[in-house]
Visitor: 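I am attaching a structure below and will ask some questions about it afterwards.
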Amino acid sequence: MKGGRSKAGSKNDDKLSVKQKKGKKVKDPNKPKRPPSAFFVFMEGFRKQFKEKNPAVKGVAAMGKAGGDAWRSMSDEDKAQYVTVAEQRKKEYEKKLKAYDNKQSGEIEEEESDKSKSEVNDEDEEGSDEEEDDD
DNA sequence: CCAGTGATTGTTGTG
DNA sequence: CACAACAATCACTGG
């Protein structure tokens, strides 16, 4: 079962888990989230497939188990392609961190009023490589 | 009505 | 060095 990797044997589960407690209402819209691991990258495609093969499945548990099972079934080389992608994701993540850091230095706190976002189609300028197809 | 839960593994962050 | 928390996903549930 799961090989030895898991929990590193921490018997004493005291209140060590204090959870970072996000009590602070610090809203960091620019704060980049952690890059997806190879497993998640693989899941990105797997989720779609799983849904198609199991449209009746509800919840994430079923998918998670199926995903984890399939993931371990893959060969390291097969996973390598996802790992490679994950590496790139991480790289971009670092870039985002830099941008985020830049904001911290430049824009300390920019409150944005909820202007009517009617015809104003303002796009985030960060994407740049986002292709949008018109329908 | 909103936010949390449940399960997966990997990666990053923090102590 | 070792652990802890979080990353996405989605349907459901409680207060």
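Below, read A as the first sequence line, B as the second, and so on, with proteins coming before strands; counting in each chain starts at 1. As a basis for the values below, the full set of heavy atoms in this structure was taken, side chains included, without hydrogen atoms, waters or symmetry mates.
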Visitor: How long is the line joining CZ of A/F46 and P of C/dC10, in whole Å?
Guide: 13 Å

Visitor: Quickly work out the A/F39 CZ to C/dT9 P distance and round it to whole Å.
Guide: 13 Å

Visitor: For A/F40 and C/dA8, say yes or no: do the ring centres fall under 5.5 Å of each other while the ring planes differ by less than 30°?
Guide: no

Visitor: Rounded off to whole Å, could you give me the CZ-to-P distance for the A/R89 and C/dA7 pair?
Guide: 15 Å

Visitor: Rounded to whole Å, please give me the gap between CZ in A/R47 and P in B/dG6.
Guide: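 Atom CZ in A/R47 sits about 20 Å away from atom P in B/dG6.
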
Visitor: If you look at every strand shown and take non-hydrogen atoms under 4.0 Å, does A/G59 touch a base, only sugar-phosphate, or nothing?
Guide: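 Answer is base: heavy atoms of A/G59 come under 4.0 Å of a base.
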
Visitor: For B/dT11, does either OP1 or OP2 sit under 4.0 Å from a side-chain N or O belonging to A/Y82?
Guide: no

Visitor: What integer distance in Å separates A/K91:NZ from B/dT11:P?
Guide: 15 Å

Visitor: Find the distance A/E87:CD to C/dA7:C1' and express it as a whole number of Å.
Guide: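 Roughly 17 Å, once rounded to whole Å.
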
Visitor: Counting the atoms with a prime plus P, OP1 and OP2 as sugar-phosphate, which does A/Y93 contact under 4.0 Å by heavy atoms, base, sugar-phosphate, or nothing?
Guide: sugar-phosphate

Visitor: Closest nucleotide of DNA chain B for A/D69 versus for A/P35: which of these residues is on the 5' side?
Guide: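 Per heavy-atom nearest nucleotide, the more 5' residue is A/D69.
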
Visitor: If you compare all heavy atoms of A/S37 against all heavy atoms of A/A86, which two are closest, and at what distance to 0.1 Å?
Guide: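 Residues A/S37 and A/A86, closest heavy atoms: C-CB, 4.0 Å.
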
Visitor: Of A/K58 and A/A38, whose closest DNA chain B nucleotide lies nearer the 5' terminus?
Guide: A/K58

Visitor: When you get a sec, tell me which of B/dA7, C/dT9, B/dT8 is the closest nucleotide to the side chain of A/M63?
Guide: C/dT9

Visitor: Flag yes if A/Y82 and A/Y93 sit in one hydrophobic cluster, no otherwise; membership is Ile, Leu, Val, Met, Phe, Trp, Tyr, and two members link when side-chain heavy atoms are under 4.5 Å apart.
Guide: no

Visitor: Donor-acceptor pair, distance only, cut-off 3.5 Å: does the side chain of A/Q81 make one with the backbone of A/D78?
Guide: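 It does hold such a pair.
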
Visitor: Which nucleotide wins on minimum distance to the side chain of A/V60, given the candidates C/dA11, B/dA7, B/dT8?
Guide: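 Closest nucleotide to the A/V60 side chain: B/dA7.
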
Visitor: Side chain of A/L97, heavy atoms from C-beta onward: which of B/dG13, C/dT9, C/dC10 has the nearest atom to it?
Guide: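 My answer, after comparing the listed nucleotides, is B/dG13.
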
Visitor: What are the two closest heavy atoms between A/K48 and A/E44, and how far apart are they?
Guide: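 Looks like NZ-O, 3.8 Å.
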
Visitor: Of all the nucleotides listed (B/dG10, C/dC10, B/dT8), which has the minimum atom distance to the side chain of A/W71?
Guide: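 When the side chain of A/W71 is considered, B/dG10 is the closest of B/dG10, C/dC10, B/dT8.
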
Visitor: So what does A/P36 hit on the nucleic acid, given a heavy-atom distance under 4.0 Å: a base, only sugar-phosphate, or nothing?
Guide: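 The answer is nothing, as A/P36 stays clear of every strand by at least 4.0 Å.
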
Visitor: Is the side chain of A/N54 donor-acceptor paired with the backbone N or O of A/F50 at a distance under 3.5 Å, no angle test?
Guide: yes

Visitor: Considering only side-chain heavy atoms of A/S37, which listed nucleotide, B/dG13, B/dT8, B/dG10, is closest?
Guide: B/dG10

Visitor: Using side-chain heavy atoms (C-beta onward) and a distance below 4.5 Å, is A/K79 in contact with A/F42?
Guide: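 Heavy-atom side-chain distance check fails, nothing below 4.5 Å.
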
Visitor: Give the rounded distance in Å between these two atoms: CD of A/E44 and C1' of B/dG10.
Guide: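 To the nearest whole Å, that distance equals 14 Å.
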
Visitor: Out of B/dA7, B/dT8, C/dT9, which nucleotide sits closest to the side chain of A/M43?
Guide: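 For the A/M43 side chain, the nearest candidate turns out to be B/dT8.
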
Visitor: Write down the distance between NZ (A/K33) and P (B/dG13), rounded to a whole number of angstrom.
Guide: 16 Å

